[in-house]
2 protein chains.
Amino acid sequence: MKNRLKVLRAERDWSQEDLARQLEVSRQSVNAIETGRYDPSLPLAFRIAELFGMPIESIFLRD
Amino acid sequence: MKNRLKVLRAERDWSQEDLARQLEVSRQSVNAIETGRYDPSLPLAFRIAELFGMPIESIFLRD
DNA sequence: TTCGAATGTCTAGTACCCTTTACATCAGAT
DNA sequence: ATCTGATGTAAAGGGTACTAGACATTCGAA
């Protein structure tokens, strides 16, 4: 899975730490997801989608 | 997270085994997800949504 | 030049996703 | 009464998601 997290975050001028805090996960988790080391759990994907106000499918893409 | 898998499967008259085969997971995984023992991984959620032809958000719901 | 914020990575540990194998129950058909 | 398909659950094991803590690099600002 690929994702648009880094771009969405840049559009809002948020640091990885800012995003992590809002999602209530560690900064390392945000970094790992952005750099493609692993995919988020489904509940975390829902929180991400809700935070950015868009469907999961427009943030995460099958590869 | 709750989900509508059991209903969607019933609408199509598929057994858990039928669904598992199409998703390329074990029957026990389908059962565990349906009975709420755990949530699917994000990649599996994508396969489920694709199979049923609807967005992830209309199959899985935050509780 | 020095400092701090931001990012990337590593390790060790915990918890969860998913597997195979196995067993139990139930309903419907023979 | 027996058989079979469908479902639920359990144990053990491998791989992944997430944690805290630590360290290195880069870059813009003081």
* CZ of B:Phe46 versus P of C:dC17: gap in Å, rounded? -> 17 Å

* Structure fact -> Comparing nearest nucleotides in DNA chain C, the 5'-proximal residue of the pair A:Glu34, B:Ile33 is A:Glu34

* Structure fact -> Winner on side-chain proximity to A:Thr35, out of C:dT9, C:dT20, D:dT9, is C:dT9

* B:Thr35 side-chain N/O to B:Asn31 backbone N/O, donor-acceptor pair under 3.5 Å -> yes

* To do: For the pair B:Gln16 (side chain) and B:Gln28 (backbone), establish whether a donor and an acceptor sit closer than 3.5 Å, ignoring hydrogens and angles.
  => no

* Asked: Of A:Tyr38 and B:Trp14, whose closest DNA chain D nucleotide lies nearer the 5' terminus?
  -> B:Trp14

* Which comes earlier along DNA chain D counting from the 5' end, the contact point of B:Ser15 or that of A:Glu24, where each point is its nearest nucleotide? -> B:Ser15

* So what does A:Ser29 touch, heavy atoms closer than 4.0 Å: a base, only the sugar-phosphate, or nothing? -> base

* **d(CG, A:Leu42; P, C:dC18) in whole Å** => 10 Å

* OP1 or OP2 of C:dG8 under 4.0 Å from side-chain N/O of A:Asn31 -> yes

* To do: Take the protein atom CG of A:Asp13 and the nucleotide atom C1' of C:dT7, then report the distance between them rounded to whole Å.
  => 15 Å

* Asked: Of the nucleotides C:dT7, C:dT19, C:dT9, which one has an atom closest to the side chain of A:Gln16?
  -> C:dT7

* DNA chain C: 5'-proximal contact among A:Lys6 and B:Asp39 (nearest heavy atom) -> A:Lys6

* What does B:Ser41 touch in the nucleic acid at a heavy-atom separation under 4.0 angstrom: a base, only the sugar-phosphate, or nothing? -> sugar-phosphate

* Can you tell me how far C1' of D:dA24 sits from CZ of A:Arg27, to the nearest Å? -> 12 Å

* **Integer-rounded Å distance: C:dA5 P and A:Glu17 CD** => 10 Å

* Are the side chain of A:Arg12 and the backbone N or O of A:Leu8 linked by a donor-acceptor pair below 3.5 Å? -> yes

* Asked: Quick check: does any side chain N or O of B:Asn3 sit under 3.5 Å from a backbone N or O of B:Ile59, one acting as donor and the other as acceptor?
  -> no

* Asked: Is any side-chain N or O of B:Arg37 closer than 4.0 Å to OP1 or OP2 of D:dT9?
  -> yes

* Asked: D:dG8 P sits how many Å from B:Leu19 CG, rounded?
  -> 13 Å

* Structure fact -> Whole-Å distance, A:Asn3 CG to D:dA17 P, equals 12 Å

* Asked: Just how far, in rounded Å, is C1' of C:dC17 from CE of A:Met1?
  -> 16 Å

* Structure fact -> Of the candidates C:dT9, C:dA6, C:dC18, the side chain of A:Gln28 sits closest to C:dT9

* Minimum heavy-atom separation for B:Ala49 to B:Pro55, with atom names? -> CB-C, 4.2 Å

* Any idea which of D:dT7, C:dT9, C:dA6 is nearest the B:Arg9 side chain? -> D:dT7

